[in-house]
**Student:** 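Shown below is the structure under consideration.
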Amino acid sequence: MPELPEVETTCRGIAPHVVNKIVQAVVVRQPQLRWPVPANLAEQVVGQKLLGVTRRGKYLVLRFATGHMLVHLGMSGNLRVVARREDPGYHDHVDIDFGAQCVLRLNDPRRFGAVLWTSAPLLEHELLAHLGPEPLEALFDADYLYQRSRKRKLAIKAFIMDSKVVVGVGNIYANEALHAAGIRPTRAAGTVSRAAMERLVSEIKQVLARAIEQGGTTLKDFVGGDGKPGYFQQQLLVYGRQGQPCRGCKKPLKEVRLGQRSTVYCTSCQR
DNA sequence: CAGCGCCCCTGCCCGC
DNA sequence: TGCGGGCAGGGGCGCT
């Protein structure tokens, strides 16, 4: 479900409700997520004030005085603020209870998500230490992507989806950005021209920024931190449109499988 | 090291 | 209607 815009939407949606509130209780109904939820999570945070909610890649970072709680939504997770009286449902695995009608609730049917705790300096955490730049920050530019891609033989789509290269570009937006930039997803990263990299960086930034503005892409059941669906889905030009006409040239869009992921492109507009 | 495929898991959709 | 197979937005990890 969530790509970077969905995680950012969640971050913005929950922050006003939970920041500066004190954790009253932690309820773990299902500890078996991507990694086990730490057994001592409650004792780490109960009684502590949540100082801030940020995002690094697709990891949500909840900052406390003594450390950070990392939350990843995996493929099917969502994190919402609910009233305490709202009974937990199926797949509601973890509650962070702030009292006063305010519970942060993780729901994740596939359980690819994670809830972790680290008291070491945040950026030293192994899951964050080797991440590439944020796609919407200035550090991510054509120079950077061009230099890093030289001599790389893997497909450009897999390259931009590698979180060590740049974080937060998931399958949907990789498909969309490559289409907008006129680059064939299967092309070896090292053969993409400098000019094409300029377009690609620009399109990645644009597609992510637009999706964030609109509250993310709702596929199936995504809802942001406030429970509202996103509206970006209606603007997808290639993802899920295989066989349908390219909006540019009207030729049917082709679908191939790249690294076990659905890859859709126009054989005429993308070279 | 780079690159590729395999999983973790549930739900849903499709074809038989 | 029931069931098996394939696929789904992520991404760490192990193998070659």
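In this text the structure is predicted, and so the values were computed from the model without any measurement. Every chain is numbered from 1 and lettered A, B, ... according to where its sequence line falls, protein lines coming before strand lines.
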**Student:** When rounded to the nearest 0.5 angstrom, what distance separates CH2 in A/Trp117 from OG1 in A/Thr66?
**Tutor:** 4.0 Å
**Student:** Using the C1' atom as the reference point in each nucleotide, state the distance between B/dG3 and C/dG9 in Å, no decimals.
**Tutor:** 23 Å
**Student:** Starting at OH of A/Tyr90 and ending at P of B/dC9, how long is that distance when rounded to a whole Å?
**Tutor:** 13 Å
**Student:** Between A/Ile172 (CD1) and C/dG10 (P), how many Å, whole number?
**Tutor:** 7 Å
**Student:** Are any of the side-chain heavy atoms of A/Arg247 and A/Arg241 separated by less than 4.5 Å?
**Tutor:** yes
**Student:** Given atom OH of A/Tyr239 and atom C1' of C/dA8, what is their separation to the nearest angstrom?
**Tutor:** 6 Å
**Student:** Quick one: label A/Gly259 by what it contacts on the DNA or RNA (base, sugar-phosphate, nothing), any heavy atom closer than 4.0 Å.
**Tutor:** nothing
**Student:** Can you tell me if A/His130 touches the phosphate of C/dG12, counting only side-chain N or O atoms and a distance under 4.0 Å to OP1 or OP2?
**Tutor:** no
**Student:** In whole Å, what is the span from the CD atom of A/Gln30 to the P atom of B/dC8?
**Tutor:** 15 Å
**Student:** Please report, rounded to the nearest Å, how far the P atom of C/dA8 is from the CD atom of A/Glu3.
**Tutor:** 13 Å
**Student:** Applying the Watson-Crick and G-U wobble criteria at under 3.5 Å, what pairs with C/dG9? Answer none if nothing qualifies.
**Tutor:** none
**Student:** Evaluate whether atom CZ of A/Arg150 has more than 12 neighbouring non-hydrogen atoms of other residues, nucleotides or ligands under 6.0 angstrom away.
**Tutor:** yes
**Student:** Consider the side chain of A/Arg257, meaning its heavy atoms from C-beta on, and name the nucleotide among C/dA8, B/dC8, B/dC6 that approaches it most closely.
**Tutor:** C/dA8
**Student:** Checking only heavy atoms, does the side chain of A/Arg110 share a donor-acceptor pair with the base of B/dC9 at less than 3.5 Å?
**Tutor:** yes
**Student:** What's the CG-C1' distance between A/Asp108 and B/dG11, to the nearest Å?
**Tutor:** 12 Å
**Student:** Using a 5.5 Å cut-off between ring centres and planes within 30 degrees, is A/Phe112 stacked on the base of B/dC8?
**Tutor:** yes
**Student:** Can you tell me if the side-chain N/O atoms of A/Arg152 get under 4.0 Å from OP1 or OP2 in B/dA2?
**Tutor:** no
**Student:** Would you mind pulling out the nucleotide paired to B/dC9, Watson-Crick or G-U wobble, both distances under 3.5 Å?
**Tutor:** none
**Student:** Please confirm whether the shortest side-chain N or O distance from A/Lys153 to OP1 or OP2 of B/dG3 is below 4.0 Å.
**Tutor:** no
**Student:** Indicate, with a heavy-atom threshold strictly under 4.0 Å, whether A/Tyr59 touches base, sugar-phosphate, or nothing.
**Tutor:** sugar-phosphate
**Student:** Does any part of the side chain of A/Leu200, heavy atoms only, come nearer than 4.5 Å to the side chain of A/Val192, both counted from C-beta?
**Tutor:** no
**Student:** Identify whether any heavy atom of A/Leu127 sits under 4.0 Å from a base atom; if not, whether one sits that close to sugar-phosphate; answer base, sugar-phosphate or nothing.
**Tutor:** sugar-phosphate
**Student:** Between the side chains of A/Asp97 and A/Arg84, is the shortest nitrogen-to-carboxylate-oxygen separation below 4.0 Å, so that they form an ion pair?
**Tutor:** yes
**Student:** In whole angstroms, how far is the C1' atom of B/dC8 from the NE2 atom of A/His93?
**Tutor:** 13 Å
**Student:** Counting distance alone, no hydrogens or angles: does the base of C/dG10 have a donor or acceptor under 3.5 Å from a partner atom on the side chain of A/Arg261?
**Tutor:** yes
**Student:** Aromatic rings A/His72 and A/Tyr59: how do their planes relate, parallel, tilted or perpendicular, breaks at 30° and 60°?
**Tutor:** perpendicular
**Student:** Write down the distance between CZ (A/Arg111) and P (B/dT10), rounded to a whole number of angstrom.
**Tutor:** 4 Å
**Student:** When you measure from the side chain of A/Arg34, which nucleotide among B/dC6, B/dG11, B/dC8 comes out closest?
**Tutor:** B/dC8
**Student:** May I ask you to verify if any side-chain N or O of A/His72 is less than 4.0 angstrom from the OP1 or OP2 atom of C/dG11?
**Tutor:** yes
**Student:** Hey, which of these two, A/His91 or A/Gln260, hits DNA chain B nearer its 5' end, going by closest nucleotide?
**Tutor:** A/Gln260
